[in-house]
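Notes to accompany the following structure.
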Amino acid sequence: GDLLRRARMASSKLGVNSAATWVDHETNGYGQVKPKDLPTYRVIRGQPKFFNPYNGWCPIMTDDEEMAELLSTAHLYQPAAVLEKLAKEDAKGMLHLPHSMALNRLIRKQMEFDAESAIILDRAAVWGVVDKVRNLILDWALDLERAGVLGEGLIFSVNEKAKAMPVTNNYFAQNIGVAGNVNGG
């Protein structure tokens, strides 16, 4: 959380919108983003299961590859700080990400009984998302420094702001889709 706040301040002072948009999503979550527009590191795999009151969590099995992919793919829209907290809690347990209501309805219809379904996620996979966010910020900061953008006391010169733009777009534009006008090249 603190690292993202510092990145937010730097991106704002540098005037780089692609970083500001990405930081905002990582800080507040990707609530309004479509699954196809979610950064690839926020799409992870888990084990699809349903809850049986007598046997506990049981695997959902299917021969349909497309359905298996749909059942086991988790899209993580939560803020990075929430994912970090979840990954650090009770390291012995697994995380349960409930399937959407529509998918759960389809599963219940196929099984012909009422059951809760979810994707069971390994905490290490969720931690991988948090780690990726940290690494992106670190790499951005190091590349800014290599480009001569030092921002002593988070104060950036006009020259540093100009140098920051191409470095920043290299890192964050790939994670948020098109940000702004596209023209000429």
### Task
Evaluate the criterion side chain to side chain contact (heavy atoms under 4.5 Å, CB included) for residue pair L144 and L14; output intermediate values, then yes/no.
CA-CA 11 Å; L144 285 172; L14 284 168; 4.1 Å; yes

### Message
Hydrophobic clustering (ILVMFWY, side-chain heavy atoms < 4.5 Å, transitive) - are V43 and V33 grouped together?
### Response
yes

### Task
Please name the pair of heavy atoms, one in A10 and one in F156, separated by the smallest distance, quoted to 0.1 Å.
O-CE1, 4.1 Å

### Message
List the residues meeting side-chain contact (heavy atoms from CB on, under 4.5 Å) with R108, not counting sequence neighbours, and say none if there are none.
### Response
N104, D114

### Message
According to salt bridge (charged side-chain N to carboxylate O under 4.0 Å, His left out), who are the partners of D64, at least two apart in sequence or on a separate chain?
### Response
none

### Query
What are the two closest non-hydrogen atoms of V16 and W140, and how far apart are they?
CG2-CZ2, 4.4 Å

#### Entry: Heavy-atom pair of closest approach, residues V149 and A164
CG2-N, 3.9 Å

### Query
Between R134 (side chain) and V129 (backbone), is there a donor-acceptor pair under 3.5 Å?
no

### Query
Does CE belonging to M9 count more than 12 external heavy atoms closer than 6.0 Å?
no

## Note on the structure
Taken in chain and number order and not counting sequence neighbours, the residues that satisfy side-chain hydrogen bond (donor to acceptor under 3.5 Å, both in side chains) with K13 are none

### Message
Would you say L138 ends up clustered with L4 if hydrophobic residues are merged whenever their side chains have heavy atoms under 4.5 Å apart, either directly or through other cluster members?
### Response
no

#### Entry: Nearest non-hydrogen partners of A68 and S72, listed with the distance
O-OG, 2.8 Å

### Message
Please give me the minimum heavy-atom distance between E160 and L150, naming the atom from each residue.
### Response
OE2-N, 2.8 Å

### Query
In terms of hydrophobic clusters joined by side-chain contacts under 4.5 Å, are W127 and I137 together?
yes

### Query
Would you say I120 and L71 are hydrophobically clustered, going by side-chain heavy atoms of ILVMFWY under 4.5 Å?
no

### Query
NE2 of H99 to CD1 of I119: how many Å apart, nearest 0.5 Å?
4.0 Å

### Task
Kindly indicate whether the side chain of W22, heavy atoms from C-beta on, has any atom under 4.5 Å from the side chain of S11.
no

### Query
Honestly curious: do I107 and M67 fall in one hydrophobic cluster under the side-chain, below-4.5 Å linking rule?
yes

### Residues that E69 engages under salt bridge (charged side-chain N to carboxylate O under 4.0 Å, His left out), provided they are two or more places apart
R45

### Task
Measure the OG-CG distance between S100 and L70 for me, rounded to the nearest 0.5 Å.
7.5 Å

### Query
Do R8 and E26 meet the salt-bridge criterion of a basic N to acidic O distance under 4.0 Å?
no

### Query
Does R42 use its side chain to pair, donor to acceptor, with the backbone of H75 at less than 3.5 Å?
no

### K34 with D37: basic N within carboxylate O range, under 4.0 Å
no

### Task
Please round to the nearest 0.5 Å and tell me the distance separating atom CD1 of I44 and atom OG1 of T73.
10.0 Å

### Task
Enter the distance from M94:CE to D122:CG here, rounded to the nearest 0.5 Å.
4.5 Å

### Query
Could you state the interatomic distance from CG (N135) to OH (Y41), rounded to the nearest 0.5 Å?
11.0 Å

### Task
Evaluate whether atom NZ of K132 has more than 12 neighbouring non-hydrogen atoms of other residues, nucleotides or ligands under 6.0 angstrom away.
no

#### Entry: Contact summary for L121 and L76, nearest pair of heavy atoms
CD1-CD2, 4.2 Å

### Query
From I60 CD1 over to M111 CE, what is the distance, rounded to the nearest 0.5 angstrom?
6.0 Å

### Side-chain cluster (under 4.5 Å, hydrophobic types only) that M61 belongs to, other residues
none

### Task
Side-chain contact test, heavy atoms from C-beta onward, threshold under 4.5 Å: evaluate it for Y30 versus P35 and give yes or no.
no

List the atom pairs, with distances to 0.1 Å, where a side-chain N or O of residues 49-57 and a protein N or O form a donor-acceptor pair under 3.5 Å, not counting sequence neighbours.
| residue | atom | partner | partner atom | Å |
| --- | --- | --- | --- | --- |
| N52 | OD1 | Y54 | N | 2.7 |
| N52 | OD1 | N55 | N | 3.2 |
| W57 | NE1 | H96 | NE2 | 3.3 |

### Query
Any ion pair linking R146 and D143 (charged N to carboxylate O, less than 4.0 Å)?
yes

